[in-house]
J.: 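What follows is a single structure, and I will ask about it in a moment.
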Amino acid sequence: MLRLCWAVVWVSVVAGVAVAVSDDTVAPKHLPPLPPHPRIRLSSEGLTALTHTIKTDEGARTIYQNLLVYADTWLDVDPVDCIPTGSNGALLSESRAVLDLVYSVGLAYRISGQTKYFDRVRAELLRVSDETVCTSGWNPPNFLAVAEMTHAVSVGYDWLYSKLSDEDRATIAAAILRNGLGAGAHSYATSEWWTHFSDNWNIVCNVGMAYAAVAVADVDSAAPTANAVWVNLTQSIQHGLGVFAPDGAWKEGAMYWGYATQYAMSGTGLLAVLPELNTSWGATPGLANTGEFMLHSMGPSKHFFSWGDASDDASVPALPYVANFFPLARDTVRATPAQRRLYAWVGRELVNIRNSCEQMVCAFVLLAYSTEGSVADLANLPTSAVFPQKHFGSFRSGWAPGPFSAPTHDAPLAHFPENGVRSPSAPAAEAVAVAAEAPAWVAFKGCDGRWTHNDLDGGQWILELGGERWAVDLGADSYGLPGYWEQTSSANHRYSWYRKSTHGHNTLTFGAWEAPSGSASLGRTNQAADVSANISLFKAGATVADPHYAIIELGAVYAAQGVTSVRRGFAFIGGFDQLLIVDEFEAPESNVTWSLHTNTTVAVFNGAPSGGGGAAGANHLPTAQLVSNNRTLFINVLDAPSGGTTTFVASELHLEPPQEPTPGLKKLRLTSTTATGRFLVSLSLKANLPDVAVRPLSEWAEHGPLSNLDRG
């Protein structure tokens, strides 16, 4: 049988915002002299060190044992046929199957020396190098498939080199030149879109070409092309690596962070054999901080904020994220010793949670395994952070018990940085012990609909309290939906599908109706796709007891609808017991709707007290309750526009095919017939809270969110 790995199809589109490449970037004129094979990812000296680690470290030894079990599952799997099975005619699934096999079975061979593993990898390499099998090469119309197959075959060629016959070497090297480097040279010469765009494709494709050039540069027939490709890729990849600047955040969401970072770190792994890359590649701003970005994107549940084309399924955490922390921990060029210790410890913790070798995880973990770090290294990581250029921020009360448990300083940002670059404040004077139960966490974002894999979701937020995720992001839909890669709101285009539209998020919509998904009418109430929504204020308190608050400027994304102004504020108060969401708006529409998507049980109470949360019951404003695992979240409207009717409505959400189903999903809508004023909504696990006086958002920067200062 043929095993096709990675059911999620990683694709992108020809869209995005290019990152400028500095004129003073130094590009090498050719590849320097290279050390002997093996020289990609794991040299002979590196193998000796890894073998010693496996013998002396129980964690590494367990991963290695799991790797051998996983490698054995590949032995009876037939080599791939070069017949594209992707929905868009791509060879991508086949390329990834070969990549998984080469890394997993190939590393099992290199460590154990067992011939059965060598034979299986050799058979795969010769199969995909056979012109009578791969008659169209490695799928040049989809260069992502070319890059991943080239990556796989280059690693296999390098790792098996010493035992391959001269004939085998010649066959495989010729295929790398013909199907990989040759296709890459054509892409650079014709300035194919991925060569100058700032997205995951750029990094993946360039790294595939880098591995090929390093693998066969000493083959006479391949050397000229390898050198030409090398010069081009070291310039081209600056566009993709530039996305990590200035603070490590990735603009395409958590899943594509996993993909891009996996390849970025694979590429920087060449620094050991090509130290001159420190000039043109190694000094990537922000890359050392990117692991911190992902930790702040991860809730106490170890699930991620699945915005854009991400998923939040049963993979906790998703596999690519696990492996990425280890090469980050080995990054001696950019990362500080404290970061390296933290990443190594986090990686080991995540491996313990997600015990699987699929998708090369065990191989990638072992290739960069580190025994450094401990739970104490988490204490120095701020519990709250903002990444202004990617419009993302989060607040949390501490790091979770169990995995990631530690007494921690609440040392978040002192204020929103003037220069737009994230910089942590000094640790608080006293450590604040982690709560006995899971910490509180809210993550929120602005938006930019021009970025690939993004949605029209300015103001989107998700919430975890008491170990439950109460507000969710729907993540990706089927990549095969009509128009999914056309970033417009026209009928049957990306932003007309529910998950990608403004209606499909926990934010505001203006207008009196909600149209069917996929229609142009739904797009009429979408946020604009050609502007951004920015975080203008971010203030994390000095201790857990102090208010933590932020403001997102949403006016620009609604302006095309005639909305005069829209701002959204978040404030965690009362020692993270209560989250306030404050929306201020002025619009000509007769209706404004506040939405929340949840997988919990929902009850609404309109016009009658239900208990919980300050003045809502007394004013007979609507309230709601979410229930999950015997926990109740009380949602109380503390203020709403005057002169109209304000009501909660809850309903099951069923999306029509061809959209992916939404089993168990509910939508809670708070609607006012007056679209000028403010919504002030309280969310808490406590049924009875003292009243709060919340200032207008215009006063938060100077005075904070509360006017009654006795409430923290």
J.: Could you pull out every donor-acceptor pair under 3.5 Å between side chains of residues 550-564 and any protein atom, sequence neighbours left out?
T.:
{"residue": "Glu553", "atom": "OE1", "partner": "Arg567", "partner atom": "NE", "Å": "3.0"}
{"residue": "Glu553", "atom": "OE2", "partner": "Ser536", "partner atom": "OG", "Å": "2.7"}
{"residue": "Glu553", "atom": "OE2", "partner": "Arg567", "partner atom": "NE", "Å": "3.1"}
{"residue": "Glu553", "atom": "OE2", "partner": "Arg567", "partner atom": "NH2", "Å": "2.6"}
{"residue": "Tyr558", "atom": "OH", "partner": "Leu508", "partner atom": "O", "Å": "2.5"}
{"residue": "Tyr558", "atom": "OH", "partner": "Gln527", "partner atom": "NE2", "Å": "2.9"}
{"residue": "Gln561", "atom": "NE2", "partner": "Thr525", "partner atom": "O", "Å": "3.4"}
{"residue": "Gln561", "atom": "NE2", "partner": "Asn526", "partner atom": "O", "Å": "2.8"}

J.: Would you call the rings of Trp257 and Phe325 parallel, tilted or perpendicular, where under 30° means parallel and over 60° means perpendicular?
T.: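 Geometry flag for Phe325 against Trp257: tilted rings.
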J.: Does Phe585 have any ring-ring contact (aromatic ring centres under 6.0 Å, His included) partners at least two apart in sequence or in another chain, and if so, which?
T.: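 Checked Phe585 against ring-ring contact (aromatic ring centres under 6.0 Å, His included); matches are Phe679.
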J.: Does the plane of the ring in Phe538 sit parallel, tilted or perpendicular to the ring in Phe395? Use 30° and 60° as the thresholds.
T.: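 Judged by the thresholds at 30° and 60°, the geometry between Phe538 and Phe395 is parallel.
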J.: Would you give me the side-chain donor-acceptor pairs under 3.5 Å for residues 454-461, sequence neighbours excluded?
T.:
{"residue": "Asn454", "atom": "ND2", "partner": "Lys251", "partner atom": "O", "Å": "2.9"}
{"residue": "Asn454", "atom": "ND2", "partner": "Thr452", "partner atom": "O", "Å": "2.9"}
{"residue": "Asp455", "atom": "OD1", "partner": "Lys500", "partner atom": "NZ", "Å": "3.0"}
{"residue": "Asp455", "atom": "OD2", "partner": "Lys500", "partner atom": "NZ", "Å": "3.3"}
{"residue": "Asp455", "atom": "OD2", "partner": "His505", "partner atom": "NE2", "Å": "3.2"}
{"residue": "Asp457", "atom": "OD1", "partner": "Lys445", "partner atom": "NZ", "Å": "2.9"}
{"residue": "Asp457", "atom": "OD2", "partner": "Lys445", "partner atom": "NZ", "Å": "3.1"}
{"residue": "Gln460", "atom": "OE1", "partner": "Asn506", "partner atom": "N", "Å": "2.5"}
{"residue": "Gln460", "atom": "NE2", "partner": "Asp473", "partner atom": "OD2", "Å": "2.8"}
{"residue": "Trp461", "atom": "NE1", "partner": "Asn506", "partner atom": "O", "Å": "3.1"}

J.: With Thr671, which residues qualify under side chain to side chain donor-acceptor pair (under 3.5 Å), at least two apart?
T.: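 Scan of Thr671 (side chain to side chain donor-acceptor pair (under 3.5 Å), adjacent residues dropped) gives Thr593.
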J.: Name all residues meeting the side-chain contact (heavy atoms from CB on, under 4.5 Å) criterion together with Pro696; count only those two or more places apart in sequence or in a different chain, and write none if there are none.
T.: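 Result, side-chain contact (heavy atoms from CB on, under 4.5 Å) vs Pro696: Glu584, Ser698, Glu699.
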J.: Please list all pairs passing the salt bridge (Lys or Arg N to Asp or Glu O under 4.0 Å) test where one or both residues lie in residues 630-641, with sequence neighbours left out.
T.: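 Sorted pair list: Glu437-Arg631, Asp639-Arg678.
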J.: Just to verify, what does Ser628 make a side chain to side chain donor-acceptor pair (under 3.5 Å) with, not counting sequence neighbours?
T.: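 Counting only residues at least two positions away or on another chain, Ser628 forms a side chain to side chain donor-acceptor pair (under 3.5 Å) with Glu468.
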J.: Give the intermediate values and the outcome of ring-ring contact (aromatic ring centres under 6.0 Å, His included) for residues Phe305 and Phe444.
T.: CA-CA 9 Å; Phe305 186 171; Phe444 46 86; 8.9 Å; no
J.: With sequence neighbours left out, write down each residue that passes side-chain contact (heavy atoms from CB on, under 4.5 Å) with Ser565, or none if nothing qualifies.
T.: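 Here the qualifying residues are Glu586.
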J.: Could you label the plane-to-plane angle of the Tyr256 and Tyr259 rings as parallel, tilted or perpendicular, counting under 30° as parallel and over 60° as perpendicular?
T.: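 Plane angle over 60°, so perpendicular.
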J.: What's the spacing between Leu474 CG and Gln659 CD if we round to 0.5 Å?
T.: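 Rounded to the nearest 0.5 Å, the CG-CD separation comes out at 10.0 Å.
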J.: Report the residues that fulfil side-chain contact (heavy atoms from CB on, under 4.5 Å) with Asn599, sequence neighbours left out, ordered by chain and then residue number.
T.: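 Checked Asn599 against side-chain contact (heavy atoms from CB on, under 4.5 Å); matches are Val472, Leu665.
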J.: How would you list, by chain and number, every residue that makes a side chain to side chain donor-acceptor pair (under 3.5 Å) with Ser297, sequence neighbours excluded?
T.: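 Ser297: no side chain to side chain donor-acceptor pair (under 3.5 Å) contacts found.
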J.: Trp250: which residues meet the ring-ring contact (aromatic ring centres under 6.0 Å, His included) condition with it, sequence neighbours left out?
T.: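 Residues passing ring-ring contact (aromatic ring centres under 6.0 Å, His included) with Trp250: Phe244.
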J.: Closest approach of Thr673 and Gly644, non-hydrogen atoms and distance?
T.: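 Scanning both residues, the minimum pair turns out to be OG1-CA, 3.3 Å.
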J.: Under 4.0 Å between a Lys/Arg side-chain N and an Asp/Glu carboxylate O for Glu486 and Arg494?
T.: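 Looking at Arg494 together with Glu486, the answer is no, because their closest N to O distance does not fall below 4.0 Å.
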J.: Taking only residues two or more places apart in sequence, or in another chain, which ones meet Thr632 in a side chain to side chain donor-acceptor pair (under 3.5 Å)?
T.: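 Residues passing side chain to side chain donor-acceptor pair (under 3.5 Å) with Thr632: none at all.
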